[in-house]
Engineer: 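Before I ask anything, here is the structure I am working with.
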Amino acid sequence: MRWSQLFIPTLRETPSDAEVPSHQLLLRAGYIRPLASGIYSYLFLGQRSLLKITAIVREEMDRIAQEFYLPALHPDTLWRESGRWDAMGETMFRLQDRGKRWLCLGMTHEEIMTDLARHEVRSYQQLPQIWYQIQNKFRDEPRPKGGLLRTRQFTMKDSYSFDLDEEGLRQSYQKHYETYCRIFERCGIEYVTVEAHSGSMGGSRSHEFMVLSETGEDRVVRCAACGYAANMEKAVSKLAPVQDVEAGPPEKFATPGQRTIEDLAAFTELPPTRLLKTLVYQAGEDTVLVLLRGDHQVNESKLADLFGELALRPAHPEEIQQALGASAGSLGPVAVQGRRILADQALEGRRDLVCGANEDDFHLRHVTPGRDFSAEFHDLRAVQSGDLCPQCSSPMEVRGAIEMGHVFQLGKRYSEKMGASVLNRDGKETTLWMGSYGIGMERILAGVIEQRHDRDGIVLPPAIAPFSLVVVPVNSGDAGQMSVAEQIYQQAKGDGFDVLLDDRKERPGVKFKDADLIGIPFRVTVGRKVTSGLVELAVRSTKETSDVKITEVNEFLRAAWSKNSAAAARRSKNEQAIGKRS
RNA sequence: CGGGGCGUAGCGCAGUCUGGUAGCGCACCUGCCUUGGGCGCAGGGGGUCGGAGGUUCAAAUCCUCUCGCCCCGACCA
C-alpha cells in the first residue's frame, strides 16, 4: 500500500494524559485514538496488527476447538441462574429494553456457552467439546488505565470445554495450555506461565500467561534456578531458619511514640525478624488478629481463602481500639481472649520476640508463641524478593507482569447451577466438567510494545507488525529513486510481504522517524547509491543496516525474516522452559 | 468510592495568583527552496478558553455548581 493514500496520523509529541510506554506509543504511532475513558478506536495500523494477532490465535485454536460467535447482549435470566447477576455488581453494564426487560453486555460467556451445552449436548458420546469465539467483552472497570492494558471494551478469545469427567477436563486444559504456548511464541512474546490464585471457589487449577513488565498490575514470583513461578496471590516461599534463645516470661517495657516496625527496631536495637507484627481484620462480624514477622507483609488473598465467602477487610481504628484496648502500633496477641488468632508459619517455633502490649506506648519482650499465646499457623505472608524457593531453596525474584491469558478448570460450578448434564455410558445423568480459557487480544499488542520499544518508537516482531516492510525513497522528486522503490515494492508484494511504500512528498528525516515510530520490522531505503545498483536494508530491532544489490533485495528480506522470527521463537522457548513448573 | 492533577486551535503548552485586544511551538493550507534522520523563507486559515449560573462597567482569569480526562489508592470473574 501507498503511504500517501493511507490514514496514519503519527504524533510528534506525546499526548499528556498517556503515562505508560505502550499507551504513548500506540497514540503517537496512530494505532489508536481514545473515545472515552477505557474505550478506544482502533485505526488502520492498530486494527491491522490486531488482525494479525487474531489470525494466529484463530489458526492455533482451530487445531483444538470450534469457533462460534455469540451475542454481546445477554438476557438477565441466564446470569441470574448462575448467580452472577448479583455477584458481578457494578462491573456489569446493564440496560433495559423497551419492554423493561433487563439485559447486560457480556463480560464473559460461561452462561451462554453452558446454556447451549445443556440444550444441545445430551450424550457422553458427543463429548468432549471445545467451543471458542473471538469477541467483544464489556466491563465497567472501576478504573480503566494504561491505554489498552485495562479497558472497558476489549476483544477476548474465550473458549469453554465440556467433558464427562475430571480426567477429560484435565486433557482439555492441557490442550489449551499447549495451544497458548504456541500462540504466544508465534506472536514473538517473552512470557512466563504462573500458577494462579483460583479465588474463593477453591480447589481448581489455574495458570496465567504473563508478560514480564514493571508497568503490569500483577506481581509474579519466579525462581531462576528450578523454574518455579507463581502469581503473587498464590506464591509460597521457604525461609532461612532463625536461631532464637530460650527466654524468661514476657516483660512489659515503655516504648513512647514507637508506632512502626521501623521505629521499634531502631528503639530496641533488634532486627525486624525478632519483632512480631499484629494486624487486625474484620471477617464478617468477627474481629481477628493476624500475626506476622516484623519484616513480612500479609498476603490478603491467602488470608481471604481462610474465610471462604466471608467479606474480609482491615479493621477500622475504632474497631481495633474496641477489640484490644490500644491502637495500631502497640498491638499484640498476649492475653487476648475470645478472638481468632492467625499467625504466619514464620512465627512457628520462634522464641523471645517483641510485640505490642495492647496498651499504647508499651510493648512486651521475651514473648514466645505457643507458650505466651496460642494461634493457628498458616501461610499468610507475601513472598518478597530474595525469599527462598519452596522447591529448591534458591533465592527468588518478584517481578511486575501483565496478564495476557488465563486457563482455568471450572469444574462443575456452572454446569451444576444451570443443569448441564449428559447421560453417561450407564444411562445415568452426569453433570459436565467445564473449563474456561481466555486471551486478551489487545493486551498482546500492548504487552509486546511494553516489552519491545526504544526511544524511537515501537519494535514489533514481524508476525504481528501491521506491515513487515517499508520501502523509503529518500528523494521523492528523484525519478530514478522512485522507480526503483516502485520496483522493489511490487517485487516484495509479489513475494508475499506486507509492504508499505512511503511515497509521500516528505523529507527523508520525516519518513525515517515515522517508519521507526510505527514499528515496521524491515526498511529498504532507496537513496543515492541507487545509481550504483545499491539500496539499504535496515532492521528495526537491531538498527543494523547493510547495502544490498537491488536484484538481491528479496533474498535478503527472506533471510532477515526467518532469522528474526527464529530469534523470537528461541527467546520465547527459553522463557517458557523457565516458566514451566517441573 | 477516597486522595491528587488537568481541561485555552489537531497536538504540546503559556496566560489564571494580581480581571482590561487570546498567545507561543509543532501540525495544517499556498508559493518558493531543499532532499540520508521531524529542513529553510514568505504568506495564510483555524478558538463557544469543557459546560451552566453568578459577581463586575468588563471574566480564560474571581465565586458556585456541573461534566470530562489522567495518576495514586480501594476494587478487579
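Only a predicted model underlies this, so the values are computations on that prediction, with no experimental measurement involved. Convention: sequence-line order gives letters A, B, ...; per-chain numbering from 1.
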Engineer: Ignoring hydrogens and angles, does a donor from either the side chain of A/D516 or the base of B/rG37 sit under 3.5 Å from an acceptor on the other?
Structural biologist: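 In this structure, the two groups form a donor-acceptor pair.
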Engineer: Once ring pair (Phe, Tyr, Trp, His ring centres under 6.0 Å) is applied, do any residues pair with A/F522, and if so which ones, sequence neighbours excluded?
Structural biologist: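 Residues passing ring pair (Phe, Tyr, Trp, His ring centres under 6.0 Å) with A/F522: none at all.
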Engineer: What about A/R28: does its side chain form a donor-acceptor pair under 3.5 Å with the base of B/rG38?
Structural biologist: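 Yes, a donor-acceptor pair under 3.5 Å.
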Engineer: Could I get the full list of ring pair (Phe, Tyr, Trp, His ring centres under 6.0 Å) partners for A/F154, not counting sequence neighbours?
Structural biologist: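 In terms of ring pair (Phe, Tyr, Trp, His ring centres under 6.0 Å), with neighbours along the sequence ignored, A/F154 is linked to no residue.
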Engineer: Measuring only the C1' atom in each nucleotide, how far is B/rC26 from B/rA60? A whole number of Å is fine.
Structural biologist: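 The same atom, C1', in both gives a distance of 23 Å.
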Engineer: Counting only side-chain N and O atoms of A/R528, is one of them less than 4.0 Å from OP1 or OP2 of B/rG36?
Structural biologist: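 Answer is yes, contact under 4.0 Å.
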Engineer: In whole angstrom, give me the gap between the P atoms of B/rG15 and B/rU56.
Structural biologist: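 28 Å, rounded to whole Å.
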Engineer: If you only use heavy atoms from C-beta on, which nucleotide in B/rG38, B/rC70, B/rA74 is closest to the side chain of A/Y40?
Structural biologist: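 Within the option list, the nearest is B/rC70.
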Engineer: Has A/R143 got a side-chain N or O lying under 4.0 Å from the OP1 or OP2 atom of B/rC72?
Structural biologist: yes
Engineer: Between B/rG46 and B/rA9, how many Å separate the two C1' atoms, rounded to a whole number?
Structural biologist: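 Those two atoms are separated by 6 Å.
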Engineer: Taking only side-chain N and O atoms of A/R12, does any of them lie within less than 4.0 angstrom of OP1 or OP2 on B/rA27?
Structural biologist: yes
Engineer: With 3.5 Å as the limit, what N/O pairs link the protein to nucleotides 3-11 of chain B?
Structural biologist:
unit_1 : atom_1 : unit_2 : atom_2 : d
B/rC11 : O2     : A/E13  : OE1    : 3.3

Engineer: Out of B/rC71, B/rA77, B/rG36, which has the shortest distance to the side chain of A/K145?
Structural biologist: B/rC71
Engineer: Under 4.0 Å from OP1 or OP2 of B/rC70: is there any side-chain N or O of A/S37 that close?
Structural biologist: yes
